[in-house]
Structure formats: C-alpha cells, structure tokens
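Quick caveat, the model's predicted, so the values are computed rather than measured. Ligands are counted one by one from 1 in listed order, and the atoms in each one are counted from 1 as well.
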Amino acid sequence: MSRPTKFLLAEDRIPRSWYNIAADLPVPPPPPLNPGTGQPIGPGDLAPIFPMALIAQIVSSDREIEVPEPVLDAYALYRPSPLHRAHRLEAALDTPAHIYYKYEGGSPSGSHKPNTALAQAYYNKAEGVTRLATETGAGQWGSALAFAGAMFGLEVKVYMVRASYDQKPYRRNLMETYGAQIVASPSLDTEYGRKMLAETPDHTGSLGIAISEAIEDTVTHPGTKYSLGSVFDFVLLHQTVIGQESILQMEMAGEEPDVIIGCAGGGSNFAGLSFPWLGRTFRGGRTYKVIAVEPEAAPSLTRGTYAYDFGDTAQMTPLVKMHTLGHDFVPEPIHAGGLRYHGMSPLVSLLKEHGHIEARAVHQTATFEAGVRFARAEGILPAPEPTHAIKVAIDEALRAKAEGRPTVILFNLCGHGHFDLSAYERYLAGQLEDYEFPADAVAAALARVPAVAG
Ligand SMILES: Cc1ncc(COP(=O)(O)O)c(C=O)c1O
C-alpha cells in the first residue's frame with residue numbers, strides 16, 4: 001500500500017483544550033440582548049437554563065479552554081476521529097484535486113454531536129442538575145444527548161421535530177435505548193406545543209418550535225436545565241476538537257487545505273472544522289476558502305437578513321445578531337432535518353458578514369445525488385446534512401479539473417446516514433422533491449423580526 005487512506009491519531013492526541021475563536025476574531029461579536037430591556041444579557045439571564053460553567057465559556061476570551069478529564073475519558077470512546085483521503089472519489093471524478101474528509105460518523109450516536117453533548121452533560125451533572133430538556137431536528141442531536149445522559153447519569157427529555165419523528169422512527173428507538181424520553185414536537189406536553197397543535201393539528205414542527213418547548217419544559221421542571229446541539233458559542237467551542245485534530249492529520253498527510261467545507265444548520269460542525277484553521281489565518285497565517293453549505297429550503301446565510309432575532313419561535317431566547325429567515329419561518333420538511341433552522345450561529349454569521357467565509361445553498365435532490373456518488377466511491381453512507389458538504393466538495397473538485405488546477409479540499413463528513421434510509425429510498429425511487437425558496441413566506445416572517453438598532 002503506497003498511498004495512505006486514513007490518517008489516524010493515537011488516543012493521547014485528543015485535544016486537551018477547546019479553541020475559543022473569540023480570542024482571535026478581527027471584529028468583536030455583537031452581544032446577545034435581553035428582549036425585554038434591549039440591553040446586553042448578563043450571566044443571571046441565562047442561569048435558569050444553563051449551568052454557570054457553560055455561561056462562563058460564553059463570555060470567556062481565553063484562546064484555550066481546558067477539556068475536563070471526565071469529558072476526555074468519554075471522548076476516548078470514539079476520538080480522535082479519522083481523517084480520510086477520498087482516493088476513490090477522486091478517481092471517480094477524474095480530478096487533480098486531493099479530497100480529504102474528517103469522519104465524525106464513527107461516534108456512538110453517529111455524528112459530531114457528542115463532542116458537545118458530553119461536555120454539556122458533564123457540566124450540568126457537576127452543578128447538581130438531574131434532568132436535561134432539549135430539542136432535536138434530525139434526531140442526531142437527541143441521540144447524542146441521550147448517549148451523554150447515559151454516560152453521566154442524567155435524565156433526558158427530547159422534543160423531536162414532528163417531520164423527523166415520522167421520517168426516522170429508529171432514531172427514537174436509539175434514544176429510548178439510551179434511556180431518554182421522546183415526544184414529537186409540537187407536543188401536548190407544553191403550553192406552547194398545545195397552542196401550536198390547536199392552530200395546526202398536523203403541524204410538521206420546526207427546530208424553532210421544538211426549542212421553545214424544551215425551554216418551557218426547563219423553566220417549569222425543577223432540577224432541569226436546557227441543552228442544545230448548535231448555534232450557541234459554547235457548542236461551537238466544544239466542536240473545535242474536530243478542526244484541531246484535522247490540523248494534525250493534514251500535517252501527517254503533508255498537505256494544507258485550499259478549500260474547507262462544512263454543512264451548516266446552526267453552524268456547529270462547520271465551525272468545529274473551520275474555526276481552528278481560521279484562527280491560524282487571524283493570527284497572521286495564510287487564508288483558506290471556507291464554505292458553509294445550507295439547504296435552499298432554509299438558506300439563512302445566503303438569503304436571510306443579518307439582524308437581531310429570536311433563536312426560537314415562541315420568543316423565549318435572548319435576541320442574537322445572526323443571519324435569519326425570521327423566527328417563525330417554518331422550513332419545508334426536507335430530509336436534512338438538522339438543517340431546517342431559521343437562523344445561524346452568531347459567530348458564523350459574523351464571519352460571513354465580514355467576508356471571512358462564503359456560503360452556498362443547494363437543493364436536496366442534488367445533495368442526495370452527491371451522497372449516493374460518495375457512497376458508491378467511498379463506501380460510507382452519509383447523513384443527509386453532510387451530503388450538502390459533499391455536493392460542494394464535488395463541485396470544487398470538478399472546478400479544479402476544469403481549470404486544471406491542483407486543489408486540496410477538506411470537508412466534514414459529520415454523520416452517517418444509517419437512520420436516513422427512508423430518505424435514500426425516496427431518492428432512489430425518484431420521489432424526492434426540491435422546494436423553491438419560499439420568498440413570500442420568508443418576507444412575511446422577516447417582517448416580524450423585532451426592530452433593534454445595531
Ligand atoms: C449529522 C448532522 N449534521 C449537521 C447538523 C446541523 O447542525 P450544525 O450546523 O450545528 O452542525 C445536524 C443537526 O442536527 C446533524 O445531525
């Protein structure tokens with residue numbers, strides 16, 4: 001074997017700290033605001049829903065934040081994750097590009113999500129919390145938190161977006177196997193869910209609604225805190241183990257990426273891979289072409305407005321400055337449930353606004369076509385979310401071919417698709433729909449974004 005396919009790190013190379021991009025950002029991020037007062041929120045505003053250790057991470061400007069030993073121990077169940085060189089995909093595309101992917105699908109729950117689930121479970125447990133409430137879109141986050149709850153001895157209640165609940169019954173079974181309690185959202189378990197169901201009995205749900213239900217659950221159940229799988233700064237922080245490992249692994253491969261790609265729902269796997277690389281740029285290193293890929297059905301970065309908006313539909317979260325389609329916009333039920341979100345992480349939004357990253361939106365049939373092509377070349381069945389990254393990685397590889405330019409491409413294969421076979425079945429049967437950008441619905445939702453100066 002003259003050409004290595006996998007670049008593997010020993011267990012003692014699991015990063016011992018998370019990389020906090022706040023230390024290197026060229027522009028300061030606008031603060032989250034209290035919707036009642038319009039003033040920046042303080043730690044006290046978040047204390048009812050998050051443990052103090054996580055709140056401290058949101059406001060920290062330390063470049064490195066130590067990973068607690070029990071979290072490292074749990075990471076060792078699946079980290080470091082492999083970096084693969086996609087030799088077979090390169091050959092299938094007949095491209096001069098070198099394509100690498102970081103594979104996060106080998107975690108126990110099948111995606112990058114445990115990187116933060118384990119950290120959040122640990123900090124909550126350490127502060128005496130006994131139960132976590134959360135939402136899940138694709139079911140990947142719910143599975144990750146259910147797994148983390150089992151690792152640290154916490155009860156977990158998951159509000160699962162109805163569209164995914166119906167599309168992926170086995171995700172539900174996995175979460176229940178880990179010991180979590182699952183309900184379809186909108187649900188009858190919260191006042192907000194009951195209100196939504198009264199208005200629309202067959203509601204397909206959305207991440208925005210499920211977040212509202214999970215927060216309502218949190219503030220109405222003693223001993224409970226809220227946990228989330230994306231968007232918030234500390235979630236992105238925990239995901240930087242991915243990018244840090246990839247820097248070591250690309251060194252092993254003797255190459256540096258020209259293009260770095262991740263799919264973006266709330267932005268956590270994209271940030272996890274790209275932030276450690278962007279940090280090198282901000283500290284005076286070379287630049288990379290960094291691309292966030294989102295669905296045409298929920299194109300917050302490419303078609304949304306950069307404005308203060310709520311992270312959830314019921315307006316229970318602080319106001320954050322982000323690319324948004326409007327907090328009550330409900331995206332069509334695409335199979336990439338993890339990308340069905342109206343907003344985007346404030347940090348990713350800031351970087352897009354200031355031109356440090358690019359964004360592209362793609363249709364779902366094109367992403368499944370790319371996913372099938374990838375599976376036939378590399379053998380791994382990708383989750384519908386990372387097929388968005390694969391589609392753009394293939395586009396970039398074909399561009400390199402057309403231009404006759406060797407290009408090194410690195411993308412995040414952030415989850416496997418073993419629970420998404422009904423979506424593949426529909427694609428293979430030619431039954432998958434594309435949804436045009438719903439300009440009118442977005443315009444109407446944007447009209448309801450609160451008017452906040454700044
Ligand atoms: C496999 C997978 N990829 C991507 C996402 C999108 O989230 P993020 O943009 O935070 O990585 C999800 C969310 O559920 C997911 O399950």
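One distance of note links OG1 of T313 with NE2 of H342; it measures 6.5 Å at 0.5 Å rounding.
A salt bridge does not link E155 to K157: none of the charged nitrogens lies less than 4.0 Å from a carboxylate oxygen.
For the salt bridge (charged side-chain N to carboxylate O under 4.0 Å, His left out) condition, the pairs that include at least one residue of residues 97-107, sequence neighbours left out, are R79-E104, K102-E245.
Taking the ring pair (Phe, Tyr, Trp, His ring centres under 6.0 Å) definition, one finds that H98 meets it with nothing, sequence neighbours left out. A423 meets the side-chain contact (heavy atoms from CB on, under 4.5 Å) test with H335, F368; sequence neighbours excluded.
Listed by chain and number, residues touching ligand 1 at under 4.0 Å (heavy atoms only) are H112, K113, A138, Q140, S230, C263, A264, G265, G266, G267, S268, N269, G338, L339, E385, C414.
Aromatic ring orientation, F232 versus F234: tilted (interplanar angle from 30° to 60°).
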